[in-house]
Amino acid sequence: MDPKSTLTIDRMVVPINGERNLLDLARRVGIDIPTFCYHSQLSIYGACRLCLVEVEGRGVVASCSTPPEAGMVVRTHSEEIRQMRRIALELILANHEQTCPTCSKSATCELQRLTRRLGVEKVRFKPTHKPQPVDRSSPSLVRDPNKCILCGDCVRACEEIQGVGAIDFAYRGAAACVVPAFGKDLNQVECVNCGLCASVCPTGALTPKWEIETVWKDIENPQKKVVAQIAPAVRVALGEAFGMEPGSIETGRIVAALKALGFDQVYDTSFAADLTVVEEAEEFLDRKGKGERLPQFTSCCPGWVKFAEQFCPDMLSHLSSCRSPQQMFGSLAKQILPAQLGVAAADLVVVSIMPCTAKKYEAKLPKFRQEGRPDVDHVLTTQELAHMIEEAGLRFTELEPQSLDMPLGFKTGAGVIFGASGGVTEAVLRYAVEKVRGQRLEAVDFHELRGEDGVREVSVEANGATLKLAVVHGLKNAATLVERIRQGKAQYDLVEVMACPGGCIGGAGQPVSRDAEAKRLRGKGLYAADKMMQLHKSQDNHLVAECYVRHLGGEPGSSTAHRLLHTKYQNRKRIHGESLTVLESGPSQKLVVSVCVGTSCFVRGSQTLLKGLVEYVEAKDLEDAVEVQATFCYERCDRGPTVRVGQHVQEHCTLDMACQLIERELEQAANTSG
Amino acid sequence: MQPELTQPEATPSERSSGARRFAKVCEILERHGHDAAKLIPVLQQVQEEYRYLPEEVLTFVATSLGVPPARIFGVATFYSHFALKPKGKYTIRLCDGTACHVRRSTAILDALYERLKLNEKNNTTPDMLFTVETVSCLGACGLAPVMVINDEVHGLMNPEKAVQLVDEIVAQEREPVR
């Protein structure tokens, strides 16, 4: 071995293969150095001090922030290092709320695991922190600051991978904590509910919000018929919770488990995914034919949809109007199942089993309700289902597989690969290319769409036309891509966006895994499941076709299909809060003029407009009659600048328009009072 | 008993000052080229305008710098110089560094708290006239104990002198505006 590119670690001479730090190198050669704050996909932070190692001639250093150098002699454990690690852990534990047996993270807590592994038997320090309230405001996540160890993994994941930055460190010293902006609740800020923070959190400080109890309640209720839909990514991950290999396809056992738990019928979200493919591909071909609103963005991922609603108001018209498979399933189930199962509509309960925390948020959106009832009543994550199976005492690995119920349990491979990044695009292509070519598509695999890169671009030829596609995962990648599209540096016909790295298989609701390979294996499992199916194209799903004939107005894009399967998007403000009074007036009744200074209106010149308005009010001596405010976001970002004068909201407002409105309102007020 | 002081009604010139302030915030942002790296000087200058950092203004600053509001909140809460609650018209900073402390700055603090009916948690008077803070060294140890009212340094303080300074300001503020 070339001594110029080797170092010695725990008496082994090993080559340096360009690892970015000693910790990665140690992992490669089979040494698992303990750490809380180091994640290979995130920036290096160096805060937890658990990854300390001894480097000859340099003393003790943090291995996460020390690049390997040729000739280094490294010891990853010695009496001194063991002591230092134990003290670091003791200090972390001193202020950690130790309600471990009742913590939902208990079985997979990294803090517990390392405490055990490093042999900390006693915490000699007394806690000094005062209990903080637990934030349960989010439909998707629970934030318990009392369990936070300030490793910052969540902060960096939210900002570096998702580009959101909904939470950050605040305050200092002993008061330091991780909070949303201004200490608000999670549901009051720009959090997109993806749960990436929870999947990197080593403790129970951020966890998916469980709704197991409400599901048990409905199952126990003899009046109710409870049906389940299983998302594609769940079947290749649930087994991990029971010691099975990541990627093993467990659809049959999941059906058996759900039936044993008391579910009346078990269906497949992949059926709805096939339906999504048909609707979305038709929408795509229509837009492509007309050359309008391209690229079309996919809309299956509720994390991405909320992100777009908050940060990309100009792209909302580009989002496919298709509901996600979960919501398509919900509205269809509520439409057709009551008659089929002989139950009153109010007594049908739809539960989805999802790899995702954002799906909980999506299911609760007011727009996905009919006659006051939600289309999807409850959303359980893969983790929660595993917990229910454990709670019921079922030995999952010994269950006899059962088959899904019909018709909503029948799917093609196209509906299954939805769970992996690139899968939606591939499924849409299998439909669109066949339709454009006008002949049967035999080679259904588009391997170039698969992979793990954050941004993948592919061009496909079909009948002389070129389709330009992009697949991104991680919302920061999506934001960068959107920016390039805005600047005209990139042009696509179809863009698939998934918030979670790897797509739904990497969702925050999946079993907690320390296996870096798990995600890849789950993806492999999904493509294998596709291969094992007889049908691979959504257009070949005869039960979907039958569904169109019987329930969806005969054909894709019909008005019934639109009512049940499509949706609209809205601009969403990022932070809830009050408006900023720019020109105050006394306490009496004043005409309130509010100018939006949110991002979209700001770039459309609302600041100049505001300035002009103030000057106008001052010049006309109207300070006593008019109060001017700057406000954040009327959620009409695409039609800005937005100005409200009294009760009237004016879109695309100019200074002249605003002044005229003020005059008109003041005149009217004078007339009514006079 | 001191009379309960209420929020004075805004005069016409104060009323339009909001607009000027907002224009000033925009100007500050422009002066720093909407550069997120200049966040701290931006916040310092915004605080000079408002005497504190209002939440809505911080959201606006975050939007125009392209920084998440949570990050700005983090910076604003990290440095004790920044205030997220309105401060009084007169900010009294009493030094409690070593030199001032051994020269009995604590007694001065107690006297100020008593005179203004304040405490460590509740350190701004309801009439928004005074805020009392302690700092850990003003770098004028030769004059210990030291107290700064807004930008004016008062050295060799004792509880009586401190209360007298407060009384003078109160008297001056009571005079009708000419």
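In what follows, chains are A, B, ... by sequence order, proteins preceding strands, each numbered from 1.
Ionic pairing of R486(A) and E483(A) is present here: one or more N-O contacts between side-chain nitrogen and carboxylate oxygen are shorter than 4.0 angstrom.
Neither the backbone nor the side chain of E615(A) comes within contact range of chain B; no heavy atom of the residue lies under 4.5 Å from a heavy atom of that chain. With a threshold of 4.5 angstrom between heavy atoms, V164(A) approaches chain B through N, CA, C or O but not through any side-chain atom. Contacts of F169(A) with chain B are made by backbone atoms alone, with heavy-atom separations under 4.5 Å and no side-chain atom involved.
A 4.5 Å side-chain heavy-atom check between V25(B) and Y50(B) finds at least one atom pair inside the cut-off.
Open room surrounds CD on E120(B); 12 or fewer heavy atoms of other groups in view lie less than 6.0 Å from it.
S140(A) is linked by a side chain to side chain donor-acceptor pair (under 3.5 Å) to nothing, counting only residues two or more places apart in sequence or in another chain. For T654(A), the side-chain contact (heavy atoms from CB on, under 4.5 Å) partners at least two apart in sequence or on another chain are D656(A), M657(A).
At a heavy-atom separation below 4.5 angstrom, chain A is approached by E30(B), H34(B) within residues 28-45 of chain B.
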Return all side-chain donor-acceptor pairs below 3.5 angstrom for residues 138-160 of chain B, not counting sequence neighbours, or 'none' if the list is empty.
from: N150(B); atom 1: OD1; to: T91(B); atom 2: N; distance (Å): 2.8
from: N150(B); atom 1: ND2; to: K89(B); atom 2: O; distance (Å): 3.2
from: N158(B); atom 1: OD1; to: E160(B); atom 2: N; distance (Å): 3.1
from: N158(B); atom 1: OD1; to: K161(B); atom 2: N; distance (Å): 2.7

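For D96(B) and S105(B), the side-chain atoms include at least one donor-acceptor pair closer than 3.5 Å.
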